[in-house]
Amino acid sequence: MEYAPRDIEPKWQSWWKANRTYEVSNNSSRPKYYILNMFPYPSGAGLHVGHPLGYIASDIVARYKRLKGFNVLNPMGYDSFGLPAEQYAIQTGIHPAISTEQNIRRYREQLDNIGFSFDWSREVRTSDPAFYRWTQWIFMRLFEHYYDLDAGKALPVERLVSVFAQKGNNGVRAVCDEDTPAFTAAEWKAMSAKEQQLLLLKYRLTFPEESFVNWCPALGTVLSNDEVKDGVSERGGYPVERKLMKQWSMRITAYADRLLEGLNEIDWPESIKEQQRNWIGRSQGASVRFAVDGYPDVFIEVFTTRVDTIYGATFMVLAPEHELVTRLTANAQRAEVDAYVKWATSRSEIERMAEAKKVTGANTGAFAVNPFNGAKIPIFIADYVLAGYGTGAVMAVPSGDQRDWNFATHFKLPIVPILDAQQDLDQAADATKDGRYINSGIINGMTYEEATPTLIRWLEEKGLGRGKVQYKLRNAVFSRQRYWGEPVPAYWKDDVPHLIDEKDLPLVLPEVDKYLPTETGEPPLARAEGWKYTPAGEEQSYEYELSTMPGWAGSSWYFYRYMDPHNEQAFCSPEAAQYWNSVDWYIGGSEHAVGHLLYSRFWNHFLHDLGLAPEREFAKKLTNQGMIQGRSSIVYRAKERFFEEYLWIKVLQPYFAEYHPLAIPASTLEESFTYDFAFETNDLVIEVVSWKNTDKIEAIRKSAEADGKRLLILFNEELADHINEHHVTAAKVRRALESRERFFMSEETPVSEQLFVSHNLTAKYSPDCFSRLHVDVSLVKDDYLNLEKAAKWPLLANGSFKVDADGHFTCSWEVEKMSKRFFNVVNPDDMVAEYGADCYRMYEMFLGPVEMSKPWDTKGITGVHGFLRRFWGLFVGENNAWLPNGEAPAADELRALHNCIKKVTDDIERFSMNTCVSHFMILTNELRALKCGKRAILEPAVILLAPFAPHLAEELWRRLGHETSVCDAAWPALNEEYLKTDTITYPIQINGKLRATIELPAGISAADAETAALALEQVQKWMDGKPARKVVFVPGRMINVVV
RNA sequence: GCGGGAAUGGCGGAAUGGUAGACGCGCUGGUCUCAAACACCAGUGACUGCAAGGUCAUGCGAGUUCGAGUCUCGCUUCCCGCACCA
């Protein structure tokens, strides 16, 4: 019987389901292993072949670990809150819960097709109230905690309240807002309850604050920076503006140092760690207060990472938005400064980026005083200084900073060297820290290492500055003015936010009539009628917080819910959390490098502080799967310019016979690379010209008139339009020939059919001749367009096709993101239907390393399919004969098997699935060559293959007579003894170049190997009579003779 | 500008300092077939040679080493992320 995946696969899929093969228990004597994929957002487009790449690789690891004796948690769920469902709801009125449910059902069908070992009894959905009650619960805990710097962890706000009552906030080392005032216990007690609450908000780990956000009026919502691309919303491309709104914020900055340190203890890709480090952006430096000449009460604080360069500061630059700009500007400079501020603030981010190299700025006319030497330095404003980073003011050191150097050069400001190692300061800044200081007062002659602490000590003694750590990391805005997200479990009473009672969780998303913001700009939840909270013991009801949580809320902790998915008492029981501990291996795309992966770490650190998460870091190991890109097919549509060839043959050639041309194009038309050409008879000139070439037309007209000839101008754009109706053109040419006048073919341009040209024919024409059109990849096979199918495809339907000499129509191709709009989406269902799930799984692995991005290309799939058939053929012969027999295996058969065991085991551990597939191919080829039908070899081979091709393995395993699933077999043990051979073929190098090989006994000594090697005639020849200076013998590897 | 990664036949890729190109695709030849497809067998980096063989080959240039695709330094190109971060 032939290998028939279509029969085998559905059979075992339903068996696994019926027998709950993939359900996993929290009680097991086996060691645990938790492997996790980033859960998908269930989009309406369904899965494409790129999505399952990581799922397949991790499924292989999960199945392998299970065979190795682990209790494996391999769950899957859905990140099911999100903007697309909401947008769809706005368009259609369909509740997002309904469309999301449909999308999930489709995802599930597609996933089930592929034969994953997910434990679906643990499925989670972030939009399920039973799930998001715990997202809300964690939010409440964040609200109730602050970050205590002495304890180095989050502590309850109640503790803070009692400390304040005892001694005020003096001496309290806690992370809080920059503008938190100092107060005594007495002052605290004198505050009203509301004042106290407002003050505590400055400490809470989540809190509402007025902040600038990316407000998108068209979507009626706030977007994250990630969601804004080039000044417009990523989705929909609507304009985005900066707007001050009251937003919930997460005090992630409290954890900046811990998030940085934690990176050292996890096995994550260096690129991700580096991105997180950059995102957190810790820089150590100093803050320095500069006095302002003539303003005794004004100080400008700057942050610098190079305080050692302070004697080289020859000017100061403020951000245009800096609060002191108006006050400090001298009257003489007022007009210039105002103009610059106005100009700078009106510029968009894009413009600022595009003109990054251009130096702009304005002089305020004021002077700052360098605290070290009293030097008066001019104060400028410039938009290269950002208001949002540091203090919005910098001391400019042109000798050490290139941007300052550019500015100084442009405005002719002095450039003072400060280190003797600085070079070529007339060419560029030199940021070196080498050498010794010059022109630098108290640090003259010192090195960098000595100078910095000296300066900071001086500043701290004088109270003019201090050592300071600055982060790029901002607190994370947590509110979204959207419907389809978790409601925030808080209500507003007297302008102060309060948490709802825990027993009222989950706070369920209310029904609304429309999913849009209200006319007054309030979030969609404002539409919910009677949606108010009545606290226990109160008569009055209060308005809930109307914004919802962002997409990353649910995904920041979901990995705990899989551990204990049905628990109604806790987000995860302590026992379950203790047992599963943390994710052993996390797999997903690198696009989440600083979003999801940073927020999850933050929440996990917080949950760890509360004793709810066993580990500080939630995922020990992370691997990024590459993106599978689409391979788009493209056809060329003739446009604007015309084929001379076509014009010649179909239209003009017939007239040449009658009109005896005097001049024809210099080159033969087929070879022509130009588009304008002409021919001339006794009394007629025909010119074919480009559309806009008016100068040329005028010149032709004049010369034709001078010669007394009639002129026919043909615009090749119009000819292109007439390409399939050449009789129209021909009629015009005839009319022109019969007429006595100049003739422009310009009136009536009927919309015509289009001409598509085989890619192979396009090479000799300029790309301008064509527009490129994406066509559906399902119409194309091996780059040949299926013309029958194409004729039915809307965008090609009325076209005519110019094919190659062999009758094929070739398409060109391009690697692009897999996307509906490129018509390059390949659906896994189609692959599974054609080749089977096992083949699809293995082929996707065989494409290349999982981590690498690569275009989807099915060219090689027949190789994998052939392999599976041959593997099957080792077991099932002609007429369904069962081949495995009980004979004892021979040494070479055992060697082949154990070689495969060794390599596959190693390669799964290092996630090298593509080489695993080739090891299986090698084993199969070897066993076929040996005509091996021995059960002792074939049965372990089935187990090895089971993680990759579970259906095929299950079928063969049962045919071998087993009652239980191959999933519960034991991974074959490697016996190194079988790998040993009696002799080894050694390569012999002379001076590192391969010159000969020699067969030597396996256990040979270095001396014997050397003797044997030197005795070889080939070796002697290459040594050319010279003595061997040295012989390197690497046992089992090679021999190198150095002469 | 900063950070990360990559570069190997016609193609995807293999090689964790030790015979570069495993495995697969494609291609060429052969067997089978009336024929095609499938299947099977053999060959397949380039140059050179009747052959044995030789020479050259892992983006470019140096270096370390008995030995470098692999390590180090310097370049080039491409991809990803961040981007005027003081």
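Lettering follows sequence order; numbering is per chain, from 1.
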**Message:** Aromatic contact between A:F920 and A:F871, with the criterion being ring centroids under 6.0 Å apart: yes or no?
**Reply:** no

**Message:** Let's test this: given Watson-Crick or G-U wobble pairing with both distances under 3.5 Å, identify the partner of B:A86.
**Reply:** none

**Message:** Judged by each residue's nearest nucleotide on RNA chain B, which is more toward the 5′ side, A:M852 or A:P987?
**Reply:** A:M852

**Fill in**
Of the candidates B:A39, B:A14, B:C23, the side chain of A:I922 sits closest to B:C23

**Asked** Between atom NZ in A:K854 and atom P in B:G24, what is the gap in whole Å?
**Response** 19 Å

**Message:** Just N and O in the side chain of A:K472: are any of them under 4.0 Å from OP1 or OP2 of B:C85?
**Reply:** no

**Request:** Output the single nucleotide from B:A14, B:C82, B:A86 whose closest atom is nearest the side chain of A:W279.
**Result:** B:C82

**Item:** Aromatic centroids of A:F411 and A:F315 separated by under 6.0 Å
**Value:** no

**Request:** Going by the side-chain hydrogen bond (donor to acceptor under 3.5 Å, both in side chains) test, name the single residue among A:D907, A:N899, A:T924 that passes it with A:H919.
**Result:** A:D907

**Prompt:** At under 4.0 Å between heavy atoms, what does A:R282 touch on the DNA or RNA strands: base, sugar-phosphate, or nothing?
**Reply:** nothing

**Given B:C25, B:C82, B:G3, the nucleotide with the shortest approach to the side chain of A:E274** = B:G3

**Request:** For A:Q989, report the nucleic acid contact type (base, sugar-phosphate, nothing); a contact means any heavy atom under 4.0 Å.
**Result:** base

**Prompt:** Under 4.0 angstrom, heavy atoms only, what part of the nucleic acid is A:N914 near: base, sugar-phosphate, or nothing?
**Reply:** sugar-phosphate

**Message:** By the 4.0 Å heavy-atom rule, please label A:V1042 as base, sugar-phosphate, or nothing.
**Reply:** sugar-phosphate

**Message:** Regarding A:M1038, tell me which of base, sugar-phosphate or nothing describes its non-hydrogen contacts under 4.0 Å with the strands shown.
**Reply:** base

**Nucleotide nearest A:S918 (side chain, heavy atoms from C-beta), chosen from B:G81, B:C23, B:A86** = B:C23

**Prompt:** For B:G9, which nucleotide in any strand shown is its Watson-Crick or wobble partner with both distances under 3.5 Å?
**Reply:** none

**Rounded distance (Å) that lies between atom C1' of B:G24 and atom OH of A:Y843** = 9 Å

**Message:** Could you walk me through whether A:K902 and A:E976 satisfy the salt bridge (charged side-chain N to carboxylate O under 4.0 Å, His left out) test, starting with their C-alpha distance in whole Å, then the side-chain angles of each, then the deciding distance to 0.1 Å, before giving a yes or no?
**Reply:** CA-CA 9 Å; A:K902 183 183 165 79; A:E976 298 267 4; 3.8 Å; yes

**Message:** Measuring to OP1 and OP2 of B:C56, would you say a side-chain N or O of A:K993 lies under 4.0 angstrom away?
**Reply:** yes

**Asked** When you measure from the side chain of A:V394, which nucleotide among B:A14, B:A86, B:C40 comes out closest?
**Response** B:A86

**Request:** Report which part of the nucleic acid A:N925 touches: base, sugar-phosphate, or nothing (heavy-atom distance under 4.0 Å, all strands).
**Result:** sugar-phosphate

**Message:** Base, sugar-phosphate or nothing for A:W1022? Non-hydrogen atoms, less than 4.0 Å.
**Reply:** sugar-phosphate

**Item:** Check: A:R910 side chain, B:U16 base, donor-acceptor under 3.5 Å
**Value:** yes

**Message:** Parallel, tilted or perpendicular, judged at 30° and 60°: which one describes the rings of A:W856 and A:Y843?
**Reply:** perpendicular

**Request:** Provide the distance between the two P atoms, one in B:A22 and one in B:A37, to the nearest whole Å.
**Result:** 27 Å

**Asked** Distance between the P atoms of B:C56 and B:C11, in whole angstroms?
**Response** 24 Å

**Cation over ring face, A:R289 and A:F299, 6.0 Å, 45°** = yes

**Request:** Could you check if the base of B:G74 is syn or anti? Syn means the glycosidic torsion is within 90 degrees of 0.
**Result:** anti

**Asked** Toward the 5' end of RNA chain B, which comes first, A:I861 or A:R870, by nearest nucleotide?
**Response** A:I861

**Request:** Name the nucleic acid region contacted by A:M395, choosing base, sugar-phosphate or nothing; use a 4.0 angstrom heavy-atom cut-off, strictly under.
**Result:** nothing

**Complementary nucleotide of B:G69, counting Watson-Crick and G-U pairs under 3.5 Å** = none

**Message:** Counting only side-chain heavy atoms from C-beta out, which of B:U19, B:C66, B:G24 sits nearest to A:F846?
**Reply:** B:G24

**Prompt:** NA contact type, A:P269, heavy-atom cut-off 4.0 Å: base, sugar-phosphate, or nothing?
**Reply:** nothing

**Prompt:** Parallel, tilted or perpendicular: which describes the rings of A:Y3 and A:H865, with under 30° parallel and over 60° perpendicular?
**Reply:** tilted

